[in-house]
Amino acid sequence: MKTRRDFLIGTGLTAAAWLARGGAVAQAAGQAAAPDGGAQEPAANTDPAVQPNPDLPQELRTAAADEKIRTTKLTDTIFLLQGVGGNVVCQIGPDGKLLIDSGIATGTHHLLDALAKLDEHRLRVLINTHWHFDHTDGNAALHLEGAFIIAQDNTRVRLEKPQYMAVYDVHFPSAPDAALPQETFPETETLWLNNDEEELIHTPDAHTDSDIFIQFHRGNVIHTGDLWFNGMYPLIDLSSGGTINGMIRGVDEVLQRADDRTKIVPGHGALGNKAELQGYREMLVAVADRVEKLKASGKTVQEAVAAKPTADLDAAWAKGAIKPGTFVALVYDSL
Ligand SMILES: [Zn+2]
Ligand SMILES: [Zn+2]
């Protein structure tokens with residue numbers, strides 16, 4: 001049986017939306033929480049692409065404050081660190097620690113404790129996979145610990161200004177200066193640290209307009225960022241320039257670079273491999289094709305959702321916090 005902790009690890013950003021919808025928000029709205037922890041569908045005539053949770057940042061910060069970090073060794077020098085928020089990867093070695101994503105700020109002390117146990121070298125570089133709060137909220141604290149922050153251009157552009165995420169109806173203030181990347185790049189960047197080659201690759205208009213994935217060539221590890229929600233319908237953040245077709249193209253790029261032994265870290269969910277990512281890619285393509293046909297036939301977004309084009313896929317993929325109807329609407333609106 002899944003514990004609340006497992007759920008939080010598995011769903012990251014979306015966990016708070018689930019908590020809120022199944023808990024305080026759903027009750028306040030007079031909706032009954034379903035026994036599986038989800039909430040009933042919102043009343044008709046609401047935008048199907050919205051699962052409102054304006055309290056999302058605070059929900060995540062509250063959850064992260066109590067959440068210890070779970071560490072998994074991927075290679076002798078590369079580790080997966082999981083808690084509330086997106087999956088974090090740390091590479092250790094003589095050049096200092098390289099970290100991918102910074103999690104939620106209230107969990108930073110847990111993250112630093114976990115990093116200290118890996119080796120004695122200081123934190124040197126922090127890479128952000130994209131601008132979202134559950135991957136960058138710890139930036140400022142980690143920068144003060146000495147991390148030089150690198151990200152795609154749009155991560156800095158978006159962190160510098162207030163952001164709005166329509167899917168959760170949530171506003172984010174601009175990030176403090178210490179949280180902003182010190183170095184940005186438009187397409188690709190290569191680092192040579194800790195006896196490995198780390199390649200950072202931008203995938204345009206995917207989950208957002210700021211996504212990169214990171215390939216450790218020698219370690220044979222890839223962190224996909226939020227291109228991949230392992231085993232779940234993903235969030236596509238249309239407010240930040242995300243699109244289903246960009247997401248599929250991004251996943252294809254990861255697949256081209258992976259082999260059967262590559263350890264692939266998703267933005268959310270369990271550590272995966274190429275076969276699992278391929279299965280996720282097939283799901284994305286199937287949903288995109290079906291929704292595109294509905295849209296081309298003149299169906300409105302509400303009609304497309306009502307047609308339940310993912311019905312045969314939901315048993316396998318509706319385990320995360322993005323509900324099938326929300327996913328269909330996000331796909332529809334991005335086509
Ligand atoms: Zn995320
Ligand atoms: Zn994200």
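Atoms within each ligand, like the ligands themselves, are counted from 1 in listed order. We're numbering straight along the sequence, starting at 1.
- Residues H202 and H130 place their aromatic rings such that the two centres sit no closer than 6.0 Å.
- Looking only at N/O/S atoms, D226 comes nearest to the Zn ion (ligand 2) through OD2.
- For the pairing with R61, the salt bridge (charged side-chain N to carboxylate O under 4.0 Å, His left out) check across D66, D137, D134, D55 returns one residue only, D137.
- For a distance bound of 2.8 Å, the N, O or S atoms of H135 include one lying that close to the Zn ion (ligand 1).
- For the side chain to side chain donor-acceptor pair (under 3.5 Å) criterion with E198, the lone passing option out of H223, H217, Q91, R218 is Q91.
- Taking the centre and axis of the six-membered ring of F79, the NZ or CZ atom of K73 falls outside the cone set by 45° and 6.0 Å.
- Not one N/O/S atom of D134, from backbone or side chain, sits under 2.8 Å from the Zn ion (ligand 2).
- With respect to K274 and D259, no salt bridge is recorded, no charged nitrogen being found less than 4.0 Å from a carboxylate O.
- With 2.8 Å as the limit, H132 counts as an N, O or S neighbour of the Zn ion (ligand 2).
- The Zn ion (ligand 1) has no N, O or S atom of H207 closer than 2.8 Å.
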